[in-house]
Amino acid sequence: MAKIAFILLTHKDPEGIIAQAERLTSAGDFVAIHFDARASRDDYALIRAALQTNPAVTFARRRHKCGWGEWSLVAATLSAAEAALEAFPQATHFYMLSGDCMQIKSADYAHRFLDAEEADYIECFDFYASDWIKTGFKEERLAYRHWFNERTQKTLFYTSFEWQKRLGLTRKVPEDLQMMIGSQWWCLRRTTLEAVLEFIARRRDVRRFFRTTWIPDETFFQTIVPHLIPETEIRRRTLTFLMFTDYGMPVTFYNDHYDLLVSQDYLFARKISPDAQELKDRLGALWDRRDVSFTVSNEGRVLFSFLTGRGREGRRFAPRFWEREASLGRDRTLLLVVCKKWHVAKRLVEQVRRQAGLAAVEYIFNESGGLPDLGGIERTLDKRNRHRRALLRMLFEHHQTDRLVVCLDPAAIDLMRDFAADKCTVRVLEIECTFTDAYLIGHARRVGLAGETTPPEVLERLLPTIRSDLRHESEQMQDADFPVLLRMRQDDSPEANAVPLAAFLGIAPALAHQIAATDYLFVD
C-alpha cells in the first residue's frame with residue numbers, strides 16, 4: 001500500500017502548519033517541512049517544539065531564504081526531499097505541498113489512487129512549443145542568466161538582463177536535455193526522486209544551468225524527470241487542483257466551494273483562503289474518513305472557463321464563483337501613507353523599503369506605470385480604481401507579503417473608506433505638510449485650476465480656497481473614524497515623528513527614528 005511523504009514548503013501560519021502535519025501523519029503518512037529562513041525564528045521554534053515528538057515528521061536540514069522565481073525554491077524542495085528520503089524509508093511516494101494546500105479526498109482514497117498505477121504525476125510540456133507561459137519572459141528565462149530577484153531587486157534584475165541582451169551574452173541549454181515546463185506541484189515515486197538526486201549529483205552542469213534560470217521551480221523537475229523516466233510511466237498532470245485567473249493569479253477557494261472541490265479528479269487543492277475557516281474545517285475532517293465516497297465530475301476548469309468567457313463578452317449572468325470573496329484577507333495589513341506632497345510620501349516609503357524591508361507601492365491610483373505585469377489589470381488608472389481590491393490582492397501575492405504600504409492622495413477618501421471596511425487590518429498615516437504660496441500655485445497649475453498666464457490677482461483670490469480644500473480633506477479623514485489614524489507633521493522633530501511612524505509600521509522606535517530623520521524628507 002502507498003505511503004506518502006509530503007514535502008511541505010511553508011513560510012507563515014505556524015499553527016496551520018502544525019495542524020496540517022498532524023492531520024497528514026494521522027493516517028500513517030509522513031511530512032518533511034521546509035520553513036523559509038526569511039520567516040520568523042519564533043514561528044519556526046514553535047513548529048519544531050510542537051512536532052518534535054511526532055516520529056512521522058522531519059525537517060529540512062538547511063533552511064533557505066526563498067524568493068519567488070529564484071533557485072532558492074528548488075533548493076528548498078531538494079533539501080526537504082533529501083530529509084524525507086533519509087527519514088522515511090517506508091515512503092513510496094513524495095508529494096509536493098504548500099501551506100495553502102488542503103486535501104479534497106480522504107487518505108484512503110489517495111492511497112488507493114496511487115496504488116492503482118505505477119506512475120509519476122508531474123506536468124511536463126514542451127517549453128518552446130506549449131502555451132503554458134501566458135505572459136512575460138519565455139525564452140529569456142533560459143537564454144540569459146538571472147542572478148537577481150525581479151520582485152525585490154527589480155532595477156538590478158532588468159539592468160542585468162538588458163546588458164546581457166545588448167552584449168549578446170546568451171547561453172545554450174544542456175544539449176542532451178529537452179526543456180519542459182509545468183506546475184511545481186508534483187507527486188513522484190521513491191525510485192524517481194532518488195534518480196533525480198543521483199542525476200544532479202553527477203551532472204553539475206545541469207544544476208549550474210538551472211541555478212540562474214528564471215522561475216526554475218517550473219522547469220527543473222519537469223525537465224529532468226522525463227529525461228530519466230520512460231514516457232509510459234509518466235502522467236503529465238498534477239494531482240493538486242489549481243486554476244488561474246485571466247491575470248495569471250491563482251484562484252482562491254472559499255467556504256462555498258466544498259462540493260466543487262471534492263468532485264474534482266485531484267487529491268489536493270490550492271489556494272484555500274485563510275478566511276475560509278468552515279471550508280478548512282470540513283476538508284480537514286475529510287482526510288481520516290473511511291465512510292465517504294466521491295463522485296468525480298471534474299467540471300471545475302470548464303465551468304471557470306465558461307463563466308469567464310461570458311464575462312469577457314459582456315454576458316455575465318451569474319456571480320463569478322471564484323470571486324465571491326472580495327476581501328484582501330484577515331491575515332493581511334494594508335498601510336496607507338496619505339500625503340498631498342507626493343514627493344514627501346515617495347521619499348518616506350523608499351526609506352521604508354530600504355531600511356524596514358517592507359513592500360511598498362506609490363501613487364498607483366493616480367500615476368500610470370510603476371507596477372509589474374499583473375495580466376492587464378494594472379494597465380490603466382480606470383482599471384486600477386475599478387478593481388482596486390483585486391489589484392491589491394495581486395500585489396500582496398506578487399510581493400509574497402502580508403504587509404503592504406500604499407501611497408494615497410488625501411482626496412482619495414472613498415478609497416480609504418473602502419479599504420477600511422475590508423476584513424484586513426488597515427492603518428492610515430497622514431503626513432501633514434506646510435504649504436507655501438509658491439507650492440499652492442504650482443499645485444493649482446498641476447491640477448488645472450490655473451495656467452502659466454493666470455493673472456497674479458486671480459491666483460491671490462484662489463489660494464485661500466485651495467488651503468481650505470486641503471484642510472477639508474484632512475478633516476474628512478478624521479471624521480471617517482478609521483480604526484488607526486496616525487499623523488506625522490513637517491514641523492515636528494524626527495523624535496516626535498518617530499512615535500507615530502513606529503506604531504504605523506510596527507517597527508522598533510530606533511528604526512522609525514532613523515527613517516524619520518531622513519534629512520531631505522520634507523525638502524520641496
Side-chain angles (χ1 to χ4, degrees), residues 9 11 34 36-38 62-79 96 98 123-186 196 199-200 203-225 227 244 248-250 353-354 357 359 369-375 378 394-395 397-401:
L9 300 190
H11 67 281
H34 179 278
D36 196 332
R38 296 183 190 275
R62 180 183 174 189
R63 293 171 60 204
H64 297 266
K65 293 182 177 180
C66 295
W68 185 86
E70 294 181 3
W71 167 258
S72 54
L73 286 174
V74 177
T77 303
L78 291 171
S79 184
M96 277 280 294
S98 77
E123 283 189 347
C124 41
F125 307 109
D126 186 280
F127 184 92
Y128 301 100
S130 73
D131 62 349
W132 203 87
I133 298 174
K134 302 297 183 185
T135 61
F137 284 175
K138 186 171 183 178
E139 289 83 358
E140 296 89 345
R141 290 192 186 190
L142 310 178
Y144 299 96
R145 296 168 178 84
H146 302 279
W147 295 284
F148 306 102
N149 187 286
E150 192 268 346
R151 292 184 174 180
T152 60
Q153 301 168 295
K154 191 176 293 292
T155 300
L156 290 171
F157 179 90
Y158 286 105
T159 300
S160 168
F161 167 71
E162 289 298 334
W163 274 108
Q164 290 181 75
K165 191 175 178 181
R166 290 179 188 179
L167 297 173
L169 300 178
T170 57
R171 59 177 180 170
K172 293 182 178 179
V173 172
E175 291 185 0
D176 59 333
L177 293 183
Q178 179 186 1
M179 289 301 300
M180 310 295 278
I181 192 167
S183 167
Q184 74 178 106
W185 310 109
W186 42 253
V196 169
F199 176 78
I200 61 173
R203 291 288 303 273
R204 295 189 177 183
D205 61 314
V206 172
R207 188 177 185 125
R208 187 165 54 249
F209 173 80
F210 279 103
R211 285 182 69 90
T212 52
T213 58
W214 182 231
I215 320 182
D217 54 301
E218 294 179 352
T219 53
F220 180 76
F221 289 96
Q222 297 79 355
T223 297
I224 294 176
V225 169
H227 180 74
F244 291 89
M249 302 302 293
R353 281 195 202 97
R354 290 181 179 179
L371 290 180
D373 183 359
L374 299 174
E378 82 291 346
M394 291 181 186
L395 287 172
E397 293 285 347
H398 177 81
H399 291 286
Q400 290 190 313
T401 183

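We count residues from 1, following the sequence as given.
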Trainee: Could you tell me whether K165 and E140 make a salt bridge, using a distance below 4.0 angstrom between a side-chain N and a carboxylate O?
Mentor: no

Trainee: Just verifying a value: how many Å separate S72 OG and N149 CG, rounded to the nearest 0.5 Å?
Mentor: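 That separation rounds to 7.5 Å.
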
Trainee: Let me confirm one number: the CD-OG1 distance from Q164 to T159, rounded to the nearest 0.5 Å.
Mentor: 11.5 Å

Trainee: Looking at every non-hydrogen atom in both residues, tell me the closest pair between L73 and W68 and how far apart they are.
Mentor: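 Looks like CD1-CA, 4.2 Å.
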
Trainee: Does any part of the side chain of V173, heavy atoms only, come nearer than 4.5 Å to the side chain of Y128, both counted from C-beta?
Mentor: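 Of all side-chain heavy-atom pairs linking V173 with Y128, at least one is under 4.5 Å.
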
Trainee: What distance separates E150 CD from I215 CD1, expressed to the nearest 0.5 Å?
Mentor: 8.5 Å

Trainee: Is a side-chain N or O of K65 found less than 3.5 angstrom from the main chain of D36, in a donor-acceptor match?
Mentor: no

Trainee: For K154 and P372, work out which heavy atoms get closest and say how close.
Mentor: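 So the two residues come closest at NZ-CB, 4.2 Å.
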
Trainee: So, R63 side chain and H34 main chain: donor-acceptor pair closer than 3.5 Å or not?
Mentor: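 Between the backbone of H34 and the side chain of R63 there is no qualifying donor-acceptor contact (under 3.5 Å).
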
Trainee: Determine whether the side chains of R151 and H398 contain a donor N or O and an acceptor N or O closer than 3.5 Å.
Mentor: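 Yes, side-chain donor-acceptor contact under 3.5 Å.
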
Trainee: Closer than 3.5 angstrom, by distance alone: can the side chain of Q222 be matched with the main-chain N or O of G182 as a donor-acceptor pair?
Mentor: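 Yes, because the side chain of Q222 sits within donor-acceptor range (under 3.5 Å) of the backbone of G182.
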
Trainee: Using a cut-off of 6.0 Å, state whether more than 12 heavy atoms not belonging to R166 lie near its atom CZ.
Mentor: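 Yes, the 6.0 Å shell around CZ holds more than 12 heavy atoms from other groups.
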
Trainee: Answer with yes or no whether the side chains of T213 and R145 bring together a donor and an acceptor at under 3.5 Å.
Mentor: no

Trainee: If you measure from CZ on R207 to CD1 on I200, what distance do you get to the nearest 0.5 Å?
Mentor: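 Between atom CZ of R207 and atom CD1 of I200 there are 4.5 Å.
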
Trainee: Any idea which heavy atoms bring S79 and R62 closest together, and the distance?
Mentor: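 The pair with the smallest heavy-atom distance is OG-O, 3.1 Å.
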
Trainee: Look up atom OG in S98 and atom CD in Q184, then write down how far apart they are to the nearest 0.5 Å.
Mentor: 7.5 Å

Trainee: Check ring pair (Phe, Tyr, Trp, His ring centres under 6.0 Å) between Y144 and all other residues, then give those that pass, not counting sequence neighbours.
Mentor: F161

Trainee: Can you name the closest pair of heavy atoms from M180 and T223 and give their distance?
Mentor: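 M180 and T223 have their closest heavy atoms at N-OG1, 3.0 Å.
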
Trainee: Do you know which two heavy atoms are closest between L9 and M96, and how far apart they sit?
Mentor: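 Taking every non-hydrogen atom into account, CD1-CE, 3.8 Å.
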
Trainee: Scan E70, H146, R171 and name whichever one has a side-chain hydrogen bond (donor to acceptor under 3.5 Å, both in side chains) with T212.
Mentor: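 Only one of E70, H146, R171 forms a side-chain hydrogen bond (donor to acceptor under 3.5 Å, both in side chains) with T212, namely R171.
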
Trainee: Can you tell me how far SG of C124 sits from CZ of F221, rounded to the nearest 0.5 angstrom?
Mentor: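 The SG atom of C124 is 13.0 Å from CZ of F221, to the nearest 0.5 Å.
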
Trainee: Parallel, tilted or perpendicular for F157 and F137, by the 30°/60° rule?
Mentor: parallel

Trainee: Ring centres of W71 and W147 under 6.0 Å apart?
Mentor: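 Here the rings of W147 and W71 have centres that are no less than 6.0 Å from each other.
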
Trainee: Closer than 4.0 angstrom, basic N to acidic O: yes or no for D176 and R203?
Mentor: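 Yes, this pair counts.
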
Trainee: Per the ring-ring contact (aromatic ring centres under 6.0 Å, His included) rule, which among W214, F127, W186, F210 passes with F220?
Mentor: F210

Trainee: For the pair E162 (side chain) and Y158 (backbone), establish whether a donor and an acceptor sit closer than 3.5 Å, ignoring hydrogens and angles.
Mentor: no

Trainee: Would you name the heavy atoms of D126 and I181 that are closest together and state the gap between them?
Mentor: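 Shortest heavy-atom separation between D126 and I181 comes out as O-CG2, 4.4 Å.
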
Trainee: Sequence neighbours left out, what passes side chain to side chain donor-acceptor pair (under 3.5 Å) with R211? Give chain and number order.
Mentor: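 If we apply the side chain to side chain donor-acceptor pair (under 3.5 Å) test to R211, skipping adjacent residues, there are no hits.
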
